[in-house]
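Residue numbers begin at 1 in each chain, while the letters A, B, ... track the order of the sequences.
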Amino acid sequence: MSRPSDLVQGTLDLLILKTLAREPSHGWAIAKRIHLVSGEVLQVTQGSLYPALHRLEQQGWLKAAWVETEGGREAKVYSLTAAGRKQLARELESWDRLSAAIHLVVRNAEA
Amino acid sequence: MRRWLDIVRLRWRSLSRRGAADRDLDRELRFHLDRRVEELVAEGCSTREAHDRALREFGSPSSVAEQCRDTRRVHVLQHILQDLRYGARVLRAQPMLLVAATTSIALGVGANLTIFGLANSILLSQPTARDAGDLVHIRTTNGSHVSYTVWRELAAADVIGGLAGYDIETDMVWRDRDASVTLTPLLVTANFFDVLGIPIALGRGFTADEAAAELSPRLAVVSDAFWRRRLGANPSVVGTAITLDGAPYTVLGVLPADLRSLPGYGFMPDVYVPLSRTLIPTLDRIRATHVQLIGRLRPGQSAASAQAALGAVASGVAAQYGDPEAGSIRTVAHVGGLSQLKDFEQVALFFGVLLIVTALVLVIACANVAGLLLSRAAARRREIALRLALGASRRRLVQQLLTEGVLLAVLGTGAGLLLTEGFARLARGLVIELPLRVAPQWSFDARMLWAAAGMVILSSLLCGLAPALQATRSSLMPGLKQDAIAALHRRFHLRGWLVLGQVTISMLLLVITALFLRNLGLAERLSPGFDSARTVLAQVTFVTADAQKMAAVLDSVRALPGVEAVSFAAGVPLTMRYGGESGMHMRIDGREQRVRVDFFQNDVGPAYFETMGLRIVRGRGFSPSETTGTPRVVVINEEFARRYLEGLDPIGRHIYLPQRAQEESAQIIGVVSDSKYRTIGEDRSAAIYGAALQHGAARFTNIIVRTALPPESLVTPVSAAIMRLDASAAVSVEPMTSALRFALLPSRAGAALMGALGVLGTVLAMIGLYGVVAFAVSRRTSEIGIRVALGASRATVMRLVMKEGGVLVAIGVAAGLVLALMVTPALRAFLVADLPTTDPVSFAGTALLLAATSAAAIFGPARRALRVEPAVSLRVD
């Protein structure tokens, strides 16, 4: 099971923003979705997820609303703001650059 | 933009509705937990098992919640408020600490702000005028003054916003019923009030149209002080006439009380009068420079462009009137502010030294507070260790302890401001013994407020940071344990460093103080080179100059009983207005090239040297027959002969004095002994004496009377004798010794200010030393108890305690001496020539004094240690 320390903070932000870009969801669903989509490799723990969500909200990239979910319980559902969308684009771009660079280094080092 | 609005809204919400935000957070986390429990149950766990596992996975919910809360950022603000409340509570609970710390800082800050305020008012403040920021001082290569004609031409050219001028070098006699009083007027150009826009409290200023010199105007604007003291603060005086120099002058207005006058440096002229040919007969001479220029820049005009524009006009004027030296504008500098410092380098330098010294006093004061907080931090070790163990971050604790420092600094600075106001009030009552009225104006302007704010920051850091870092550095365990002797010794160590620093700095302060005190002592004993003990000085201003009247006055004074000799002179050495020339290139017969000379100059009457007690070394003094029209003769002093004549025989030799339009040949007829001329501390200086009778009569003169009787007994007879002959003259008579007060003023001011600061700094440092030793003793009570119980003698215990402070003092004194040796050469300019900056008396004396004072400070706690009862002390802790 992957510990939160395996996830660089910036990476977690990227994962959350990307997940929310698809559809607004609550914390539980976000964690589940990241777990699922990553082929059950990445497990985001609550200890890092909720502080990250609150930080992103405070920065104005997410907005939150209490919405009734299936089962009749209210959950705090996050969605991307316009600024959040722009931030996602920026983070994706820098992620692409970073992963390409790491890939180059790792592969060349082997050769 | 919207995003920022959102952020502000969210932060505000979390700050203002903290409860609601926290409830939301709880609900959110609970939702997550519940879902996990449901999931586990679905996987087949029992409800209870699922619950436990979910909680285990989740970790501490409160820790997650705390982290979420932290993202709101507002915790910084919350913590500050919380710290302030807590700090206030802690300080209130310890009134002794509060009072000691606040007093310490208040004294340090008070001293700093007072000196800064003085420097600010004397050196940096702008004069009271409309848009004072646009005013500029204008100088030509000729010096600070230009002739009236040059001013008129420059002003008429109209190339800058306005050009006025003033002159402070002339005296006037004010006739008040039967008495005559010498006033220091500011003679100003007609457009002075128009250009400067100086506010008038009562009445009005004169305008350029009515006050032109060509109209021989008799108008006056008086200062608030003159109006209050001399005119009885009578509002109906406006429009009436006062008698100045025997003629009626109409008072047009009264200036406001808080006026910062144009000459600056606190000079307060009594009366403002337009320049006229009546007041200055030489007004139209191109080389008689009477006008100090002050200009106003046009809106948007720079000083440099004004300089260029004026320069173009000036070269034309110079060509037209044949005064080449007026032809170029040397500087155009803004009035007030830093550009003013260049004019008064010595004073500025002195204030520089003062400010450094007061800053050191503040450092000592803050070290005291830091020491107090440190020992309190030691007492609070358990509290702090407990909070660290409970998970408080170190940063958070440092912030808390710093807040206490800030609180103390704010309180202390507030009290310091009150103290400054107190000092300022005291100083306002101070009469400075100068021939001119000087009244420094303290004002709490923006610069003062910035200085105060800077002091809060500086003192909070100095007071709070060291204890805060120290208190939180230790590991948890010793703090939680009951006994922590070893850890305590480490803490004492930091306080020891603080005291070491205090002793070092106060040693430096004391050496500086001692130097200034020694300087005063030496200066008072220095011989001025002439006989001041047996002479009386009468300063006389006649309404009109008249050679015959002057001769009659001298005769009548000479006829008084007890008078041995009488003479007169344009200037009296060691009073304000003694003339001099520097950097002039003089032609001297027998020397091939012109010689660069610096010399003091005075015009004196016959028998001057005998009257003053100056020795005639060669040749003779002036005779009564050397009057206007006879070939010019001069007397030089020994230093002039030694420096510039290179062994040539002085008597009968001609030198060429640059006078008015061309050089004037003068024959040396005598050589007299050297004396001091401008300051008592000056080195040997060259001097030239001219024959006053060859220059015709002057309105202002100094009559010097030599007597065998006590000089005081001649004051009234001399005054009466002069008044009998000319009742309209303003006469002020005093023994020469009291007339020389000005010569000692810089030494006295230096000694008084430095003395006060040195004593203040040392007292603060001694309190710190006492505190640290007392603290060490109280902490070692049980140790001392054990030693006594085991049979240690009183002497041993005494030695133990004395050693504790003695080592600190010894190192501090040594370090302070070394530091002082490095620093004091910078004080050369303020000390009399005979006092070396490494004066052994000052250094050794101070070291002894500080050692003795320290011993006294240590002795108190040491005695307490001796009284320790073993049985009692062993029960401590």
List the atom pairs, with distances to 0.1 Å, where a side-chain N or O of residues 92-102 of chain A and a protein N or O form a donor-acceptor pair under 3.5 Å, not counting sequence neighbours.
unit_1  : atom_1 : unit_2  : atom_2 : d
A:Ser94 : OG     : A:Glu91 : O      : 3.2
A:Ser99 : OG     : A:Trp95 : O      : 3.0
A:Ser99 : OG     : A:Asp96 : O      : 3.3

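- Side-chain contact check for A:Lys76 versus B:His32: every heavy-atom pair is 4.5 Å or farther apart.
- No more than 12 heavy atoms of other residues, nucleotides or ligands sit less than 6.0 Å from atom NE2 of B:His51.
- For a residue to count as touching a neighbouring chain, one of its non-hydrogen atoms must lie under 4.5 Å from one of that chain's; by this rule A:Lys32 touches chain B with the side chain only.
- Taking CZ of B:Arg27 as the start and CD of A:Glu74 as the end, the distance is 5.0 Å to the nearest 0.5 Å.
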Can you list the steps and then say if B:Phe31 with A:Arg73 is a side chain to side chain contact (heavy atoms under 4.5 Å, CB included)? CA-CA 8 Å; B:Phe31 176 79; A:Arg73 292 197 51 180; 4.2 Å; yes

List the atom pairs, donor and acceptor, that lie under 3.5 Å between side-chain atoms in residues 85-92 of chain B and the rest of the protein, sequence neighbours left out.
unit_1  : atom_1 : unit_2   : atom_2 : d
B:Tyr86 : OH     : B:Glu383 : OE2    : 2.7

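- Around CH2 of B:Trp450, the count of heavy atoms belonging to other residues, nucleotides or ligands within 6.0 Å does not exceed 12.
- Applying the side-chain hydrogen bond (donor to acceptor under 3.5 Å, both in side chains) test to every pair with at least one member in residues 401-417 of chain B, sequence neighbours left out, gives these pairs: B:Arg376-B:Glu404, B:Arg380-B:Glu404, B:Gln400-B:Glu404.
- Proximity to chain B at a heavy-atom threshold of 4.5 Å picks out A:His26, A:Gly27, A:Trp28 from residues 19-29 of chain A, in numerical order.
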Yes or no on side chain to side chain contact (heavy atoms under 4.5 Å, CB included) for B:Leu25 and A:Tyr50, after CA distance, side-chain angles and deciding distance? CA-CA 9 Å; B:Leu25 183 58; A:Tyr50 284 97; 5.7 Å; no

